[in-house]
Amino acid sequence: MRTMKVRIEVRLKAGHFDPEGDVTSKSLRDLGFPAGEVKVGKVYTVDVNAGSREAAEKLAQEMCRKLLANPTKDDFSVEVLTVEGRATQKDKR
Amino acid sequence: MRTMKVRIEVRLKAGHFDPEGDVTSKSLRDLGFPAGEVKVGKVYTVDVNAGSREAAEKLAQEMCRKLLANPTKDDFSVEVLTVEGRATQKDKR
Amino acid sequence: MKGGLLKRTSDKLELMTLDLSLAGEKDLLEISERMGLALSLDEMKFIKERASRPLTDVEIQTFGQTWSEHCIHKTFKGDILTEKGTVRSLFKSYIAKATKELNKPWCVSVFEDNAGLVEFDKGYLAAAKVETHNHPSAVEPFGGAATGVGGVIRDILGVWGEPVAVTDVLCFGPLSTKQEELPAGVKHPKYIYKGVIAGVGAYGNNMGIPTVSGGIFFDSGYTGNVVVYCGCMGVLPGRLYVRNTKTSDYAVLAGGKTGRDGIHGVTFASADLSEKSEELRSAVQIPNPVVEERLKRATIRIRDGALASGVTDLGGGGLSCATGEMAHRSDLGLEVELKGLHLKEAKMAPWEIWVSESQERMLYSVPEVNLKRVLEIFKEEEIEVCILGKFNKSGRLNVTFRGEIVCDLELKFLYSPPKVKRRASAFRIPLKECKLKEPNDLGEELLSLLSDPNLRSREDVIRTYDHEVRGCTAGKPLQGELGGPNDAAVIKPLKDSWMGLVISCGINPFYEDPYWMAASSIEEAVRNNIAVGGRRVAVLDNFVWGNPEREDRMGALLRACEACYDFSLALDVPFISGKDSLYNESPLGPVRPTLLITGIGIMPDVRKAVTVDLKKNGDLVYLIGFTKEEMGGSAYLRSKGATGGSCPKVDASMSRKITEVLVEAIDSGIIKACHDLSDGGLGLTAAEMAIASGGLGLTLDMRQVLSQVRRGDLLLFSESTSRFLVEVEEEKSEYFERALKGIALSRVGEVTDMPGLKLIDPAGTESVLSASEMRKAWRGY
Amino acid sequence: MELKKSKACVLRVGGTNCDLEVKVALEELGLKTDILHMNQLADGTLSNYQMLVFPGGFSYGDYVRAGAIWGKEIFTKLRKELGKFTDDGKLVIGICNGFQVLVEAGLLPGNSVAGVPTASLANNSSAKYECRWIYLRVESRQTPFARTIKVWDTLWMPIGHGEGRFILPSEEALNELVKENQVIFRYAMPDGRPADGRYPHNPNGAAYDIAGICNKKGNVMGMMPHPERAFFGWQTPSQRGKRKARGDGRCVFEGAVEYIKKY
Ligand SMILES: Nc1ncnc2c1ncn2[C@@H]1O[C@H](COP(=O)(O)OP(=O)(O)O)[C@@H](O)[C@H]1O
Ligand SMILES: [Mg+2]
């Protein structure tokens with residue numbers, strides 16, 4: 001068992017309107033930025049205890065399904081980070 | 001001028017107390033996950049109009065300074081994504 | 001499906017035409033299923049027989065939406081076949097009938113508009129509406145609950161009301177449920193609980209409307225079917241209540257953009273939940289309270305300027321229901337062009353636009369002279385707006401998209417669906433004796449009840465709701481310096497009047513007999529209202545039931561409705577509004593049949609509102625009402641895992657007598673503190689009063705309690721209705737006792753300066769519970 | 001200036017929702033008050049007013065960060081005018097979301113509408129929205145808003161926020177704020193001692209129990225608690241206060257009115 005860092009990103013599925021993104025985009029333009037569409041999501045960096053990279057990844061996906069994301073409206077992606085914080089594996093769904 | 005996607009990540013500076021992360025960690029453990037520390041941040045995917053990759057990156061950094069991050073507590077990082085959504089450049093501070 | 005039945009008729013639009021005359025029974029059912037209409041074979045045949053030409057998908061969807069259980073309440077309006085004969089419309093035979101017979105002059109609009117309206121003060125009306133949002137909350141707890149609140153707030157805006165308070169009553173599966181016990185598609189109660197509470201809080205908080213009253217219940221009967229009731233109350237100047245759409249008025253749609261979110265919400269709400277609901281993500285609605293906050297401002301400004309002739313919210317069925325309803329209620333027709341609508345996604349088919357349930361939208365009818373001003377107001381409030389079309393005399397709903405006709409229906413036909421027939425079996429519950437061992441330590445029993453999931457403090461939830469915003473909350477959910485539970489919320493909505501709006505609820509889903517369950521819920525709503533000083537109570541009914549096509553569910557529903565009629569009359573409280581949510585079924589079975597009664601009372605001076613916390617050492621404590629051995633479904637019995645026994649019954653004439661004298665006593669200022677007895681009975685009520693009080697406590701001498709019951713635990717935890725525990729100043733006690741002549745009254749103890757509760761059991765044995773140990777049991781710290 | 005001739009302006013944007021209560025409070029004290037949407041502000045509108053209020057609510061949904069978007073809007077649209085307003089010694093108060101806005105605009109604890117915040121109102125340490133009555137200890141009378149109260153008085157008021165944990169970038173910044181008497185209100189125990197971080201007395205985990213601060217000059221104040229919700233006695237949760245005419249929050253507005261009279 002080792003402690004590994006996984007990085008989980010949760011965002012609204014395509015097709016869902018993102019009120020926060022909409023307001024942020026407008027504010028950026030008001031500030032003079034040439035900004036178009038904005039989408040907002042959340043990133044979690046989670047320390048997990050797992051036997052292997054694959055196990056950590058599985059756990060992270062399970063965390064999304066059970067708590068961090070709602071499959072009816074959210075997409076999520078998971079990467080296992082090395083200690084230095086660089087990505088080594090990626091999984092999207 | 002082209003429309004480019006930039007990915008901006010805003011998270012708490014190291015050492016800053018993250019109540020949302022703490023609560024998330026606790027909930028994960030309640031659900032039986034072997035989770036340790038959790039940190040929560042936000043990701044913005046912003047469409048910007050810029051002449052070059054470098055210009056887009058500069059703009060994104062400026063967006064953080066002007067709106068998306070509060071220097072008292074937040075760090076941010078910026079990457080310019082290609083059309084396919086893959087990272088090509090990275091900048092951390 | 002037969003060839004030629006379904007055709008694409010437009011080369012520009014995504015529009016299909018269905019020639020129902022070619023459809024056999026199987027085809028009709030398949031169409032209903034595939035198009036997500038949730039219409040029965042009878043209904044499909046009814047359309048087929050009357051349609052003189054092929055119908056567009058927009059038209060067929062319009063039928064599906066308008067004839068859904070959610071929009072037209074077909075079960076409540078249908079024929080119920082029983083052993084004893086046919087009941088024509090539960091609604092007319094029971095709910096509305098009671099109101100009609102009571103014929104209160106202060107009931108201004110009942111069962112008609114988006115919310116019930118009663119007189120308030122100084123020419124103002126109070127508006128009230130309660131809705132359920134169960135299915136959406138089961139699939140997406142946060143968004144489902146949030147949009148539930150958003151939707152019911154729009155109902156208040158839909159009668160030109162300024163929303164002043166939100167309520168939420170929530171029923172979940174036990175939080176301790178094991179994951180393994182859950183079938184696929186059913187989310188864990190903990191996940192649902194967290195999401196729902198966050199959703200309710202987020203919407204009210206963001207809009208700046210205080211969430212002031214509610215309740216939370218846990219039971220395995222809700223594991224598969226979460227129940228989310230959201231209510232909203234508002235006020236409006238009576239003279240500005242207009243509902244008078246005229247020919248040539250414009251139909252103006254304002255608010256959020258229209259998208260694919262929430263397509264088929266109503267048919268979804270009228271169907272069973274199953275594993276498939278995970279995929280029904282288009283039925284998920286994304287809340288955006290900031291838009292609704294702006295919409296509220298604009299609506300109130302339009303009202304105050306008397307600029308519109310009518311208003312309604314877009315809820316279930318989206319445009320398809322709102323437009324038809326507005327035209328139909330004024331005997332008009334309407335022409336609509338969909339082109340100008342603000343869409344979230346570019347490529348939506350006309351029918352999707354037409355039935356989308358995107359949130360935060362309202363429809364107004366505006367006379368031409370005021371149109372410019374109305375548009376200006378929307379602009380100032382930063383609200384997107386679209387002129388949909390004009391009302392006319394045609395009596396038809398005429399919809400075009402980029403000039404092409406997509407829907408042309410006669411409103412009379414649309415609004416006269418075939419009557420449904422439901423069968424109800426006679427409801428019988430086997431009378432079981434209840435055998436319970438007598439416990440040796442009543443104090444221990446009380447402490448363990450205080451920490452029961454269904455009775456413990458809701459502070460951790462209540463504090464996440466802003467119940468102080470607007471600065472009008474005179475009676476709070478947590479009252480007294482130490483935050484004891486209050487019986488009803490008191491709002492002071494008008495600046496220049498002391499009149500308070502008193503909001504309470506009654507709900508007893510654990511009483512097995514639906515008749516007495518309903519009766520005691522009505523009585524409880526009234527009792528809670530009176531306890532703080534409310535009066536002239538009006539009530540709202542909200543049924544959450546299983547599939548009405550099943551005889552047993554229908555039998556129970558019928559029995560509950562009978563009680564609604566009987567006790568509305570007997571307690572003199574008219575129904576003014578309500579709603580039913582049926583088809584709450586999951587792989588775990590039907591929902592526990594649940595009736596929420598919301599009480600709306602008034603009180604002349606909010607400063608006289610009575611609270612639960614004890615006020616002065618040496619004051620006397622009285623129990624008003626008679627205690628019977630009524631343990632069936634009680635919190636005590638359930639905590640022991642026991643069943644049987646008879647559930648509490650309501651003695652309506654006694655209840656009325658008690659409320660009358662109690663109101664008088666409160667007005668004359670002799671009641672210093674008051675708390676009604678409900679779940680957990682006398683024991684819990686006394687404990688809660690002690691918990692709420694800083695530096696004071698009370699003694700409770702059970703030997704003094706007027707009752708035939710002698711066993712300590714039964715006496716302490718019976719849930720007999722119509723009872724109150726009150727604090728009265730010693731000097732006033734004689735006057736008080738005289739005033740309550742003829743009513744069961746027991747002087748059970750007094751207020752002491754020892755924080756906590758001193759119990760004296762029927763044998764004379766004393767036990768003492770300190771305030772801090774009770775607080776710890778009740779709220780966890 | 002004669003009170004009759006003075007006026008206060010309560011500003012609002014989409015999502016603001018505590019504007020009306022503030023107006024009721026100020027008018028009760030005889031100060032005429034207009035509620036204006038940012039869209040209704042023209043050049044020079046502000047100069048008609050003696051006091052400006054940024055009320056509570058969820059401006060722009062509190063997206064990005066509470067108060068951030070409105071704060072930046074003020075920077076882009078109102079920088080000059082608001083600068084002049086405060087330079088003239090006129091009063092500005094931000095309550096709850098209004099406080100967050102002033103911090104995001106750079107007006108507090110800094111001294112100008114710089115657009116860059118020098119402090120933060122971070123999310124509550126309980127990670128939850130908190131609505132409760134708390135005690136405040138009056139720490140300084142540097143601002144007119146605290147002129148009618150005494151240092152070390154205890155006030156009882158409600159809070160209602162999810163992001164109210166006041167933090168500064170450094171220890172020095174905090175010391176500076178204290179030294180300059182800019183800390184006006186601190187969360188306290190019922191007996192008036194500072195809460196010292198104890199939950200729920202300090203409801204959000206704010207550094208040094210800070211609940212409200214002012215600028216160096218004292219004419220700009222921000223506070224998380226809602227004085228307008230504790231203005232009348234009947235608004236308090238205890239029966240004892242109910243029939244009294246005043247709640248503890250009243251003094252904040254009285255201080256402002258006194259100042260305007262003398263202005
Ligand atoms: N079961 C019921 N009991 C009492 N009133 C009801 C019931 N069902 C519907 N009503 C009343 O009928 C009217 C229309 O209801 P509803 O369809 O819920 O409106 P909306 O579409 O605005 O939500 C309302 O005034 C409502 O109170
Ligand atoms: Mg409605």
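Small disclaimer: the values here were computed from a predicted structure and weren't measured. By convention in this document, chain letters (A, B, ...) are assigned in the order of the sequence lines, proteins followed by strands, and residues within each chain are numbered from 1.
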I need the D/Trp133 CH2 to C/Leu478 CG distance, nearest 0.5 Å. 13.0 Å

D/Thr236 vs C/Lys476, test: side chain to side chain contact (heavy atoms under 4.5 Å, CB included). Steps then yes/no. CA-CA 9 Å; D/Thr236 62; C/Lys476 327 214 178 242; 6.0 Å; no

Is chain D contacted by the side chain of C/Arg463, its backbone, both, or neither, given a heavy-atom distance below 4.5 Å? both

D/His37 vs C/Glu382 side-chain heavy atoms within contact, under 4.5 Å: yes

Check each atom of D/Asp62 against the heavy atoms of chain C and say whether the ones under 4.5 Å are side chain, backbone, both or neither. neither

Quick one: does C/Glu468's side chain get under 4.5 Å of D/His226's, heavy atoms only? no

What distance separates D/Glu130 CD from C/Asp466 CG, expressed to the nearest 0.5 Å? 11.5 Å

Of all of D/Gly61, D/Gly57, D/Ala230, D/Gly56, which one pairs up most often with chain C through heavy atoms under 4.5 Å apart? D/Gly61

Are any side-chain N or O atoms of C/Asn206 and backbone N or O atoms of D/Phe58, one a donor and one an acceptor, separated by less than 3.5 Å? no

Okay, C/Glu292 and chain D: the region with an atom under 4.5 Å from a heavy atom over there is neither

Part of D/Phe231 lying under 4.5 Å from any heavy atom of chain C: neither

So for C/Asn205, is it side chain, backbone, both, or neither that comes closer than 4.5 Å to the heavy atoms of chain D? both

State, yes or no, whether a side-chain contact exists between D/Tyr129 and C/Tyr465 at a heavy-atom distance under 4.5 Å. no

Looking at D/Lys7, I want to see if its NZ is surrounded by more than 12 non-hydrogen atoms of other residues, nucleotides or ligands under 6.0 Å. yes

Looking only at heavy atoms, which two atoms of D/Thr16 and C/Arg297 are closest? And how far apart? O-NH2, 2.7 Å

Under 4.5 Å from any heavy atom of chain D, what part of C/Lys296 do you find: side chain, backbone, both or neither? neither

C/Lys379 atom NZ, neighbour heavy-atom count above 12 within 6.0 Å: no

Part of D/Glu28 within contact of chain C (heavy atom distance under 4.5 Å): neither

Distance col, row C/Arg607:CZ vs D/Phe232:CZ, nearest 0.5 angstrom, shows 11.0 Å

Electrostatic pair C/Lys495-D/Glu27, nearest N-O below 4.0 angstrom: no

Top residue by heavy-atom pair count (under 4.5 Å) with chain C, among D/Val24, D/Leu20, D/Val13? D/Val24

Does a sphere of radius 6.0 Å around CG in D/Asp43 hold more than 12 heavy atoms from other residues, nucleotides or ligands, not counting ones at 6.0 Å or beyond? no

Donor on one side chain, acceptor on other, D/Asn17 and C/Glu293, under 3.5 Å: no

Engaged part of C/Asp605 at the chain D interface, taking heavy atoms whose separation is under 4.5 Å: neither

Does any non-hydrogen side-chain atom of D/Cys18 lie less than 4.5 Å from one of C/Val469? yes

Side chain, backbone, both or neither: which part of C/Val291 has a heavy atom under 4.5 Å from chain D? neither

Say whether, by atom type as modelled, one donor and one acceptor occur between the side chain of D/Gln235 and the main chain of C/Gly471 under 3.5 angstrom. yes

Max heavy-atom pair count under 4.5 Å with chain C, selected residue of D/Gly15, D/Gly160, D/Ala25: D/Gly15

